[in-house]
Peer 1: 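Input: one structure, supplied below.
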Amino acid sequence: MNLSIGVTGWGDHDQLYPAGTKSQDKLAVYASHFPVVEIDSAFYAIQPKRNYEKWVKETPVGFTFVVKAFSKMTGHQREKMSSEEVREMFEAYIESIQPLLDSGKLRFVLFQFPPWFSVSKENVQKLRVIRELMGDIPLALEFRNQSWYSSKYREQTLSFMKKGNWIHGIVDEPQAGEGSAPTVLQATHSKDTLVRLHGRNVHGWNKNGREDWREVRFLYRYNDEELQEWKDNVEYLLQQSEHVTVLFNNNSGGDAADNAKQFIDLCQIEYEQLNPKQMDLFQE
């Protein structure tokens, strides 16, 4: 099965790491468990090139990264920028991820748009500009606004993604109003499809005036029946594209890594070319 399973970020999954593991050593240990990871720190700031160089060295051949687009690139900060400023920002971002491109370890860059990014001519044009600025770098697209998948626009959205070589970022998330997208099991790229599992915490998905909103938003643990449902979904998606990447993001309660391991077992996958686990170092 041409399927890569991992989680978002590698810093928070305590059950993966021996006691006392330093933060700078966690990625190497993570890469003994999973073949792919999402770099969410890239969403908050354009990372120094040296960080990517380090991450490339710490991971084995065949390991890949899904890198989130910087939040200014997706409009999360609602900042007005000139065309020249936008171009310079994209150039700086592309330069920063060059070590991943050179090593062949970039799976794709993920453009996850905010809940207020609804379907409109203006926003469609923004996507065209992004596609142009990013060149031939593989890009995944995840919406957080259900209007893109409304009966009026769904087929147009999917057709637009196919024509622009966008990889479909398919989500599993609570259906809690306009700022949540439905699960649409359709690939838009022949080579890759992305699935991000955010959990199904309907009551925690939206802010609703709560201070701890971000801390509980992804508080959810998938049960066996739900994981089987996603195994069936992935098998269906693999009929449409060569490879599927599944990332568990349900980590408000530390459930993502456990669910990801359960899913690997359910899919009967044994990944090769991972980093050796500490206990395996002296085994023949």
Side-chain angles (χ1 to χ4, degrees), residues 3 5 7-8 38 66 68-69 74-76 108 110-124 126-127 130 139-189 192-208 213-214 216-223 225-241 243-252 255-256 259-260 263:
L3 172 62
I5 300 166
V7 299
T8 57
E38 178 180 298
V66 174
K68 289 191 80 171
T74 52
H76 277 81
F108 37 74
L110 168 61
F111 280 80
Q112 175 203 301
F113 285 91
W116 58 86
F117 190 82
S118 58
V119 63
S120 67
K121 285 186 177 180
E122 180 186 4
N123 287 338
V124 169
K126 285 181 181 178
L127 293 175
I130 288 170
L139 306 180
L141 179 55
E142 179 183 331
F143 293 116
R144 287 280 176 90
N145 186 291
Q146 63 183 226
S147 64
W148 296 89
Y149 299 109
S150 66
S151 58
K152 184 177 180 180
Y153 293 113
R154 173 174 162 160
E155 293 308 316
Q156 289 175 268
T157 295
L158 295 170
S159 177
F160 171 82
M161 292 170 70
K162 288 178 183 177
K163 290 176 183 176
N165 284 324
W166 288 95
I167 294 159
H168 192 189
I170 298 168
V171 295
D172 183 278
E173 64 191 32
Q175 297 306 291
E178 184 182 14
S180 51
T183 299
V184 177
L185 295 173
Q186 188 164 332
T188 58
H189 196 282
D192 266 304
T193 297
L194 170 64
V195 173
R196 294 178 84 231
L197 302 172
H198 300 300
R200 300 177 180 180
N201 184 2
V202 176
H203 300 295
W205 187 249
N206 295 318
K207 191 171 184 178
N208 295 329
W213 167 60
R214 294 193 181 279
V216 303
R217 190 177 202 196
F218 304 108
L219 183 61
Y220 193 82
R221 190 176 188 91
Y222 287 92
N223 61 35
E225 183 179 347
E226 291 163 339
L227 292 175
Q228 179 61 50
E229 173 191 337
W230 268 104
K231 179 177 182 289
D232 296 341
N233 290 343
V234 165
E235 289 173 350
Y236 176 68
L237 291 169
L238 283 168
Q239 297 173 26
Q240 304 175 45
S241 64
H243 187 274
V244 174
T245 299
V246 176
L247 297 171
F248 284 82
N249 191 39
N250 56 319
N251 207 46
S252 291
D255 295 307
N259 270 164
F263 197 58

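The structure presented is a predicted model; accordingly, all values stated were derived computationally and were not measured. Quick note: numbers below take in every heavy atom, side chains included, and nothing from hydrogens, waters or symmetry partners.
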Peer 1: In the structure I gave you, are the side-chain heavy atoms of Val119 and Phe160 within less than 4.5 Å of one another anywhere?
Peer 2: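 They are not in contact (no side-chain heavy atoms under 4.5 Å apart), so the answer is no.
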Peer 1: May I have the step-by-step check of side chain to side chain contact (heavy atoms under 4.5 Å, CB included) for Thr157 and Trp166, ending in yes or no?
Peer 2: CA-CA 11 Å; Thr157 295; Trp166 288 95; over 6 Å; no
Peer 1: Verify side chain to side chain contact (heavy atoms under 4.5 Å, CB included) between Leu3 and Val234, making sure each step is shown before the conclusion.
Peer 2: CA-CA 8 Å; Leu3 172 62; Val234 165; 3.8 Å; yes
Peer 1: Would you indicate whether the side-chain heavy atoms of Tyr220 and Glu226 approach each other to under 4.5 Å?
Peer 2: yes
Peer 1: Are more than 12 heavy atoms, taken from residues, nucleotides or ligands other than Tyr153, located less than 6.0 Å from that residue's OH atom?
Peer 2: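 It does not: Tyr153 OH has 12 such atoms or fewer within range.
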Peer 1: For Asn259 and Tyr222, indicate whether the former's side chain and the latter's backbone hold a donor-acceptor pair under 3.5 Å.
Peer 2: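 Yes, because the side chain of Asn259 sits within donor-acceptor range (under 3.5 Å) of the backbone of Tyr222.
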Peer 1: Which heavy atom of Ser180 sits nearest to which heavy atom of Pro174, and what is that distance?
Peer 2: CB-O, 3.1 Å
Peer 1: Could you tell me if the side chain of Leu110 sits less than 4.5 Å from the side chain of Arg196, heavy atoms only?
Peer 2: yes
Peer 1: When you compare the side chain of Val124 with that of Trp148, does any pair of heavy atoms fall below 4.5 Å?
Peer 2: yes
Peer 1: Take the angle between the ring planes of Phe117 and Phe143 and call it parallel below 30°, perpendicular above 60°, tilted in between.
Peer 2: parallel
Peer 1: Would you name the heavy atoms of Thr193 and Ser241 that are closest together and state the gap between them?
Peer 2: OG1-OG, 2.8 Å
Peer 1: Once ring-ring contact (aromatic ring centres under 6.0 Å, His included) is applied, do any residues pair with Phe263, and if so which ones, sequence neighbours excluded?
Peer 2: Phe248
Peer 1: Side chains of Asn145 and Phe113: closer than 4.5 Å at any heavy-atom pair?
Peer 2: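 No, side chains not in contact.
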Peer 1: Could you give the distance from CD (Gln240) to CG (Leu185), rounded to the nearest 0.5 Å?
Peer 2: 8.0 Å
Peer 1: Nearest 0.5 Å, what's the CG-CD1 distance between Leu197 and Ile170?
Peer 2: 10.5 Å
Peer 1: Which value, rounded to the nearest 0.5 Å, describes the distance between Leu247 atom CG and Thr8 atom OG1?
Peer 2: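 The distance works out to 7.0 Å.
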Peer 1: Any non-hydrogen side-chain atom of His168 less than 4.5 Å from a side-chain atom of Leu237?
Peer 2: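 No, too far: nothing below the 4.5 Å cut-off.
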Peer 1: How many angstroms lie between CG in Asn123 and CD1 in Ile130, if you round to the nearest 0.5 Å?
Peer 2: 9.5 Å
Peer 1: Phe108 versus Thr245: any side-chain heavy-atom pair under 4.5 Å?
Peer 2: yes
Peer 1: When rounded to the nearest 0.5 angstrom, what is the spacing between CG in Leu141 and OG1 in Thr74?
Peer 2: 11.0 Å
Peer 1: Would you mind listing every salt bridge (charged side-chain N to carboxylate O under 4.0 Å, His left out) that reaches into residues 154-165, with sequence neighbours excluded?
Peer 2: none
Peer 1: Can you tell me if Gln146 uses its side chain to pair, donor with acceptor, with the backbone of Pro182 under 3.5 Å?
Peer 2: no
Peer 1: Heavy atoms only: give me the nearest Lys152-Gln156 pair and the separation to one decimal.
Peer 2: O-OE1, 3.2 Å
Peer 1: Does the side chain of Arg144 reach to within under 4.5 Å of the side chain of His198, using non-hydrogen atoms?
Peer 2: yes
Peer 1: Roughly how far, to the nearest 0.5 Å, is the CG atom of Leu194 from the CD atom of Gln112?
Peer 2: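 Answer for the CD-CG pair, Gln112 versus Leu194, is 10.0 Å.
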Peer 1: For Val7 and Ala260, work out which heavy atoms get closest and say how close.
Peer 2: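 Scanning both residues, the minimum pair turns out to be CG1-CB, 3.9 Å.
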